[in-house]
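Contents: one structure, followed by commentary.
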Number of protein chains: 2
Amino acid sequence: MTVAILHQPPPRIIESAAARVERELRAGIIDLTIRPGERLSESEIADRFQVSRQPVREAFIALMRQGLVDVQPQRGTVVVKLSVRRMLDARFIREALEVAIVRRACERFDSHYRDRASALISAQDEAAKAGDHVTFQRLDSLFHIALAEGADCLEAWNAVEMQKAHMDRVCALTLHSSGSMGPLVVQHQAILDAVEDGDAERAVAAMSHHLSEILRAVAGLELKFTELFE
Amino acid sequence: MTVAILHQPPPRIIESAAARVERELRAGIIDLTIRPGERLSESEIADRFQVSRQPVREAFIALMRQGLVDVQPQRGTVVVKLSVRRMLDARFIREALEVAIVRRACERFDSHYRDRASALISAQDEAAKAGDHVTFQRLDSLFHIALAEGADCLEAWNAVEMQKAHMDRVCALTLHSSGSMGPLVVQHQAILDAVEDGDAERAVAAMSHHLSEILRAVAGLELKFTELFE
DNA sequence: TAGTATACACTTGTATGGAAGTTCAAGCGG
DNA sequence: CCGCTTGAACTTCCATACAAGTGTATACTA
């Protein structure tokens, strides 16, 4: 009995059907597995996930609030197309938030988060050299999260994450070229260096530069993938 | 026939039951008509609004994503209590966004939005002198929206609005004192003046000051209303 | 043939019943 | 008196049926 208790009586929270559908659909929309402009049907998705329409409907509503799908009453639901405007808006909002985060990080970062961020950069370097985009992207997110957590701004990260989806979706068009990952690692290091020095202005500039460069590679993509843009 | 068409054949979009429940519950939670910590029941709310449980459930989920209620699976749904931490987080996020907005407004504001913002300030002055808190708050929102719209940042305002709810909820404890409205009008004018001059640094300082002062009056309220705070 | 009306096949929105889980209190056994 | 069990009364979550609106294709009319 005592042993059983020590063995972590699964505190694992089981995910609701609605949450699972939302998570998987969201991932598909962001990595463009589900194409922009594609029509989604509650019934069809329900069949595919082996659930009823209700959880699917809740997932649709959640995705609509994130600006990823457009639910048109009595007409249908479509994945919103890519939009340069939306991408620039997302970048603007994200920059405002992450700039504020690194500015605060310059005051409150401690050694624990510094080590963690540094380790994440190293891991990203390896992933970049290995050409592992999936791991690279996950580590990228974790680095930004580490900054927010170290600055005691996790709530702000939630707001960032919603915007990040719109940037990631456009980046998914091009990030399959391995050469684009290297510079991002250098930029992360520059941000962390400035934060460690407590140099707010330099950290802000580094973050701003980083977020600008992310979208450098996607310039002109709307001409190349006209059917995916509105 | 032609006349009928000219007479705006009601383009009035009818609000879904779920949207109506969410809107009314949200308003009640923000103005503290629905008290922090209060338990909400799908059935009870459904009866009160004369709808089924399903739209109510969707409203609950939407409010949960806004951080206004806490849906505990198979246990119940409660209105989240006030929290100094949450309020400071909201202020941090809102400041980051609105500072970026006014900075951009200094570049792109045109006469149309300048006039609109100026008119809103005048109207706010009247409402303040009349002691009309409801009108004052509505005009306050409209002023900030005008800034965002004039800066071409309406998307950013959506993000602000979610955080604003948490600040408004705390402010609702004290904004019934008419003396607190006057200074806010002056602060709005200072922001607009700086924007009109295109002085970004001054505008940023004015906005930052404004958002700090909003919470000045609520210092120590958690000691006075301990049952409403967590 | 052109135009209109209508039926039908979709869609999302709502209502309702039941499944699964949690809480709490009464009742039983020590 | 204390502790465990058990069952009733709640909750949210899911499945299903139906209601209501939209677009389209077809058939009918002039």
Side-chain angles (χ1 to χ4, degrees), chain A residues 1-2 4-5 9-25 29 34-35 37-81, chain B residues 1-2 4-5 9-26 29 34-81:
Chain A
M1 287 269 262
T2 311
I5 292 178
R12 164 166 172 66
I13 52 173
I14 59 172
E15 186 178 42
S16 74
R20 184 172 67 93
V21 173
E22 177 190 345
R23 182 174 50 77
E24 297 201 19
L25 284 181
I29 291 174
I34 307 177
R35 297 178 69 81
E38 182 175 337
R39 279 176 59 94
L40 296 181
S41 163
E42 287 184 359
S43 311
E44 178 198 345
I45 303 293
D47 291 342
R48 189 190 309 170
F49 282 87
Q50 298 277 58
V51 297
S52 77
R53 270 184 46 218
Q54 208 55 47
V56 176
R57 169 175 171 75
E58 289 173 12
F60 279 13
I61 293 176
L63 293 172
M64 177 184 62
R65 305 222 172 218
Q66 300 175 40
L68 294 177
V69 305
D70 183 18
V71 177
Q72 303 162 339
Q74 272 73 26
R75 292 191 51 189
T77 300
V78 298
V79 179
V80 298
K81 289 197 171 186
Chain B
M1 289 270 266
T2 312
I5 292 177
R12 164 167 171 66
I13 52 174
I14 58 171
E15 184 178 42
S16 73
R20 182 173 68 92
V21 173
E22 176 189 346
R23 181 173 51 76
E24 298 202 17
L25 284 182
R26 187 176 194 273
I29 292 174
I34 306 176
R35 295 178 71 82
E38 182 175 338
R39 281 177 58 94
L40 298 180
S41 162
E42 284 185 1
S43 310
E44 178 198 344
I45 304 292
D47 291 342
R48 187 190 311 171
F49 284 87
Q50 298 277 57
V51 297
S52 75
R53 295 187 342 254
Q54 205 56 47
V56 177
R57 170 175 169 75
E58 290 174 11
F60 279 12
I61 294 176
L63 293 172
M64 178 183 61
R65 306 227 169 214
Q66 301 174 40
L68 294 178
V69 306
D70 183 19
V71 177
Q72 303 163 337
Q74 271 76 27
R75 291 191 51 191
T77 300
V78 299
V79 179
V80 298
K81 290 198 172 185

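Below, chains carry the letters A, B, ... as their sequence lines are ordered, and counting in each starts from 1. Computed over heavy atoms, backbone and side chain alike; hydrogens, waters and symmetry mates excluded. Remember, it's a predicted structure, so these values are computed and weren't measured experimentally.
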Take atom CD of A:Gln72 and atom P of C:dC10, then tell me their distance rounded to the nearest Å.
-> 18 Å
Taking the side chain as C-beta and beyond, is there a heavy-atom pair between A:Gln72 and A:Met64 under 4.5 Å?
-> no
Is the closest side-chain heavy-atom distance between A:Leu40 and A:Leu63 below 4.5 Å?
-> no
Spacing of A:Glu44 atom CD and A:Arg53 atom CZ [to the nearest 0.5 Å] = 13.5 Å
Here the distance between atom P of D:dC14 and atom CZ of A:Phe49, to the nearest Å, is 14 Å
Should A:Arg20 and A:Glu15 count as an ion pair when the cut-off is N to O under 4.0 Å?
-> no
Return the 5'-most residue of the pair A:Val51, B:Arg75 with respect to DNA chain D, ranking by each residue's nearest nucleotide.
-> B:Arg75
Is any side-chain N or O of A:Ser43 closer than 4.0 Å to OP1 or OP2 of C:dC10?
-> no
Short side-chain N/O contact to D:dT11 OP1/OP2 from B:Ser41, under 4.0 Å | yes
Among C:dT12, D:dC13, C:dT14, which is the nearest nucleotide to the side chain of B:Pro55?
-> C:dT14
Provide, to the nearest angstrom, the distance between the CD atom belonging to A:Glu42 and the P atom belonging to C:dG13.
-> 7 Å
Check the distance between D:dT11's P and B:Asp70's CG and give it to me in whole angstrom.
-> 16 Å
Could you work out which one of D:dT11, C:dT11, C:dT14 sits closest to the side chain of A:Arg39?
-> C:dT11
From the options C:dA15, D:dA15, D:dA20, select the nucleotide whose nearest atom is closest to the side chain of A:Gln74.
-> D:dA20
Whole angstrom is fine here: how far is it from CD in A:Glu58 over to P in C:dT14?
-> 13 Å
5'-most contact on DNA chain D: A:Pro73 or A:Gln50, nearest heavy atom basis?
-> A:Gln50
Verify the contact: side-chain N or O of A:Ser52 to OP1 or OP2 of D:dA15, cut-off strictly under 4.0 Å; return yes or no.
-> yes
Mind calculating the distance between CZ (A:Arg53) and P (D:dC13) to the nearest angstrom?
-> 19 Å
Determine the contact category for B:Leu40: base if any of its heavy atoms lies under 4.0 Å from a base atom, sugar-phosphate if only primed atoms, P, OP1 or OP2 are that close, otherwise nothing.
-> sugar-phosphate
Starting at CD1 of A:Ile14 and ending at P of D:dT12, how long is that distance when rounded to a whole Å?
-> 17 Å
Taking C:dT12, C:dG17, D:dA15 as options, the one with an atom nearest any side-chain atom of B:Gln54 is D:dA15
Rounded to the Å, how far apart are B:Arg20 CZ and C:dT14 C1'?
-> 13 Å
With side chains defined as the heavy atoms from C-beta onward, is the minimum distance between B:Val56 and B:Phe49 less than 4.5 Å?
-> no
Would you indicate, yes or no, if D:dT12 has its OP1 or OP2 atom less than 4.0 angstrom from a side-chain nitrogen or oxygen of B:Thr77?
-> yes
Confirm from the modelled atom types if B:Arg57 and C:dG13 form a donor-acceptor pair under 3.5 Å, side chain to base only.
-> no
